[in-house]
Protein chains: 2
Amino acid sequence: MRVDAQRNYDRIVEVAREVFREQGYDASLDEVAKRAGVGPGTLYRHFPKRDDLLDAMMRSWMDRVDEAAEKALATEGPPRDLLVAWLRAYVALISLHKGGPAKITSALDDSGSPIASKCRTLTGATDKVVERLAAAGALRPGVDAVTICRLVGGVAVVADQGDLPESTVFPLLEVMADGMLR
Amino acid sequence: MRVDAQRNYDRIVEVAREVFREQGYDASLDEVAKRAGVGPGTLYRHFPKRDDLLDAMMRSWMDRVDEAAEKALATEGPPRDLLVAWLRAYVALISLHKGGPAKITSALDDSGSPIASKCRTLTGATDKVVERLAAAGALRPGVDAVTICRLVGGVAVVADQGDLPESTVFPLLEVMADGMLR
DNA sequence: ACCTGAACACCGTTCAAGT
DNA sequence: ACCTGAACACCGTTCAAGT
């Protein structure tokens, strides 16, 4: 890749992170191109679909997912505390910008999605939590990582679209945790 | 209202139901106007905001909510069966067209929404179920009608956006039911 | 090879002109 | 009082012309 192309690519991703945080995942791509100082065609050359841009934005994000999982797994106390800690972290991780929870949770069932690898990171991290809970005999039978991701994803979508505060979201996670544990 | 105005109003609502069922809640309003044989201005005169059209479409729908609640309340067997029956009915009721679950669930927390009265019908019906469960001492403390609506709404949104089949959705509702009951 | 920006298509919304 | 449809604004997307 030519140096000016690389520079444009990086600037677009950087600006997109900024614009999406401000305006949500539905922000105008024209706006992103303008702020990055490139023509709209350049943006489309690098990112033919909106999701391709999201994919690039999420590259560094994957490390944070793994970190958060490690941290949750280090939680002291009963299995329920571990699960709740992960559920809270999960919601925070996928709620980086408005529309993110919906996008990510939809992609859970679409292996052809540009962000499919990001979803695998999420379900993989959740699976570590699941294994720990299963080893402790705390998990209700039939509850697997994808089930958990769908459920907590649903809560995150509702919280995102309704601008719910943590004080409203946390009790929802508690109810779900009770449903997941025996 | 003049008779031609009334006729246009009715045709728009009828056509909107059709178009939204086919294309989802994001369908073009221009398309609706064209099929109804009116100019776009006429549509906007009657329904200044998209949600106003949704509101009109949902008038007959409210009766169905009450019917479904009655039917669920008549369920024989343990409280859990009653709850699961209602959760399934709830998902079906708000999943009339693509985007509907998100719209309705978001409006739960927005009393100024044009469809706020529709939400009250939903939470009211859920409240009847809650009362029955509470009377049987089956409900986990802190779980109220709005909590339930948010949780099951989240599942409905995920199912809607990911085109999940019933065989995937029903287990999610079971997990949630377990979390709601003691 | 890459970039630019004009151009097109589509859609929501408004409003002056009609009946 | 109500309707029509042209007009405008905005945005996504493409592509011919440039470097």
Side-chain angles (χ1 to χ4, degrees), chain A residues 1-57 97-100 102-103 106-107 112-115 161, chain B residues 1-57 97-100 102-103 106-107 112-115 161:
Chain A
M1 191 181 274
R2 237 164 56 180
V3 285
D4 57 339
Q6 181 68 54
R7 202 199 51 212
N8 280 333
Y9 182 101
D10 292 340
R11 291 195 60 177
I12 290 170
V13 173
E14 189 187 345
V15 167
R17 239 188 283 266
E18 193 181 299
V19 172
F20 284 5
R21 202 180 327 109
E22 283 172 26
Q23 308 182 18
Y25 184 64
D26 288 332
S28 159
L29 296 183
D30 221 52
E31 167 88 15
V32 173
K34 269 203 191 78
R35 280 209 217 175
V38 302
T42 302
L43 193 154
Y44 278 89
R45 159 169 286 271
H46 289 303
F47 310 101
K49 302 180 72 174
R50 183 180 286 263
D51 281 359
D52 294 321
L53 185 48
L54 182 60
D55 181 68
M57 283 169 52
H97 38 76
K98 236 185 169 26
K103 206 74 206 169
S106 300
S113 163
I115 59 168
Q161 295 179 349
Chain B
M1 189 181 274
R2 236 164 55 180
V3 286
D4 57 338
Q6 181 67 54
R7 201 200 50 211
N8 280 332
Y9 183 100
D10 292 341
R11 291 195 60 178
I12 290 170
V13 173
E14 188 186 346
V15 166
R17 239 189 283 268
E18 193 180 300
V19 172
F20 284 5
R21 202 180 329 109
E22 285 172 24
Q23 307 182 19
Y25 184 64
D26 288 331
S28 161
L29 295 183
D30 220 53
E31 167 87 17
V32 173
K34 271 205 190 77
R35 279 209 218 174
V38 302
T42 303
L43 193 152
Y44 279 88
R45 158 170 287 269
H46 289 303
F47 310 101
K49 302 180 71 173
R50 183 180 284 264
D51 281 359
D52 294 321
L53 185 48
L54 182 60
D55 180 68
M57 282 169 53
H97 39 75
K98 237 189 169 27
K103 207 74 205 171
S106 300
S113 163
I115 58 167
Q161 295 179 350

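Chain naming here is simple, since letters A, B, ... match the order of the sequence lines and numbering starts at 1 in each.
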Visitor: May I have the distance from B:Arg50 (atom CZ) to C:dG12 (atom P), rounded to whole angstrom?
Guide: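 So the CZ-P distance, B:Arg50 to C:dG12, works out to 6 Å.
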
Visitor: As an exercise, state the distance from CG of A:Asp55 to NZ of A:Lys49, rounded to the nearest 0.5 Å.
Guide: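 Interatomic distance, A:Asp55 CG to A:Lys49 NZ, rounded to 0.5 Å: 12.0 Å.
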
Visitor: Please state how far atom CZ in A:Arg45 lies from atom P in D:dT13, giving the value in whole angstrom units.
Guide: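 Spelled out: CZ on A:Arg45 to P on D:dT13 is 16 Å.
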
Visitor: Can you tell me how far the CG atom of B:Leu53 sits from the CZ atom of B:Arg17, to the nearest 0.5 Å?
Guide: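 Reported value, rounded in 0.5 Å steps: 9.5 Å.
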
Visitor: Do nucleotides 14-19 of chain D as a string where each nucleotide becomes B, S or -: B if the base has a protein heavy atom under 4.0 Å, S if just the sugar-phosphate does, - if no protein is that close.
Guide: BB----

Visitor: In what stems does DNA chain D take part, counting only runs of at least 3 consecutive Watson-Crick or G-U pairs whose two distances fall under 3.5 Å?
Guide: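 Expected stems, ordered by start: C:4-8 with D:12-16, C:12-16 with D:4-8.
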
Visitor: What residues from residues 18-39 of chain B pass a heavy-atom cutoff of under 4.0 Å to DNA chain D?
Guide: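 Those residues are B:Gly37, B:Val38, B:Gly39.
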
Visitor: Could you grab the distance from atom CD of A:Glu14 to atom CZ of A:Arg35, nearest 0.5 Å is fine?
Guide: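 With rounding to 0.5 Å, CD (A:Glu14) is 11.5 Å from CZ (A:Arg35).
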
Visitor: Quick one: do B:Arg2 and B:Asp4 make a salt bridge, cutoff under 4.0 Å?
Guide: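 Between B:Asp4 and B:Arg2 there is a salt bridge, with a charged N closer than 4.0 Å to a carboxylate O.
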
Visitor: Separation of B:Leu53 atom CG from C:dT13 atom P, in whole Å?
Guide: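 Between P of C:dT13 and CG of B:Leu53: 12 Å.
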
Visitor: In Å, rounded to the nearest 0.5 Å, how long is the span from NE2 of B:His97 to CG of B:Asp26?
Guide: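 CG of B:Asp26 is found 10.5 Å from NE2 of B:His97.
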
Visitor: Quick one: is D:dC2 close enough that its OP1 or OP2 comes under 4.0 Å of any side-chain N or O from B:His46?
Guide: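 No, because none of the side-chain N or O atoms of B:His46 sits under 4.0 Å from OP1 or OP2 of D:dC2.
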
Visitor: Measuring from atom CD of A:Gln23 to atom CD of A:Glu31, what distance do you get when rounded to the nearest 0.5 angstrom?
Guide: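 Taking CD in A:Gln23 and CD in A:Glu31, the distance rounds to 5.0 Å.
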
Visitor: When the distance from CZ of A:Phe47 to P of C:dC2 is rounded to whole Å, what number comes out?
Guide: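 Those two atoms, CZ and P, are 13 Å apart.
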
Visitor: Quick check on contacts: within residues 7-17 of chain B, what sits under 4.0 Å from DNA chain D by heavy-atom distance?
Guide: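 Those residues are B:Asn8.
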
Visitor: Distance alone, cut at 3.5 Å: any donor-acceptor contact between the side chains of B:Asp52 and B:Tyr44?
Guide: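 Checked: B:Asp52/B:Tyr44 side chains show no N/O donor-acceptor pair below 3.5 Å.
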
Visitor: Partners of A:Lys34 by side chain to side chain donor-acceptor pair (under 3.5 Å), sequence neighbours excluded?
Guide: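 Applying side chain to side chain donor-acceptor pair (under 3.5 Å) to A:Lys34 gives A:Asp30.
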
Visitor: Is there a side chain to side chain contact (heavy atoms under 4.5 Å, CB included) between B:Val13 and B:His46? Walk through the geometry before answering.
Guide: CA-CA 10 Å; B:Val13 173; B:His46 289 303; over 6 Å; no

Visitor: Identify the two heavy atoms, one from A:Ala102 and one from A:Gln161, that lie closest to each other, and give their separation to 0.1 Å.
Guide: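 Heavy-atom minimum between the residues: CB-NE2, 4.3 Å.
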
Visitor: Given side chains that start at C-beta, do those of B:Arg11 and B:Val38 come closer than 4.5 Å, heavy atoms only?
Guide: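 The answer is no; the side chains never approach within 4.5 Å.
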
Visitor: Holding to ring pair (Phe, Tyr, Trp, His ring centres under 6.0 Å), I want the full list of residues that pass it with B:Phe47, two or more places apart in sequence or in another chain.
Guide: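 Scan of B:Phe47 (ring pair (Phe, Tyr, Trp, His ring centres under 6.0 Å), adjacent residues dropped) gives B:Tyr9.
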
Visitor: About how many Å separate CD1 of A:Ile12 and CG of A:Asn8, when rounded to the nearest 0.5 Å?
Guide: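 The CD1 atom of A:Ile12 is 6.0 Å from CG of A:Asn8, to the nearest 0.5 Å.
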
Visitor: Can you measure B:Gln6 atom CD to D:dA1 atom P for me and round it to whole angstrom units?
Guide: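 For the pair B:Gln6 CD and D:dA1 P, the rounded distance is 17 Å.
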
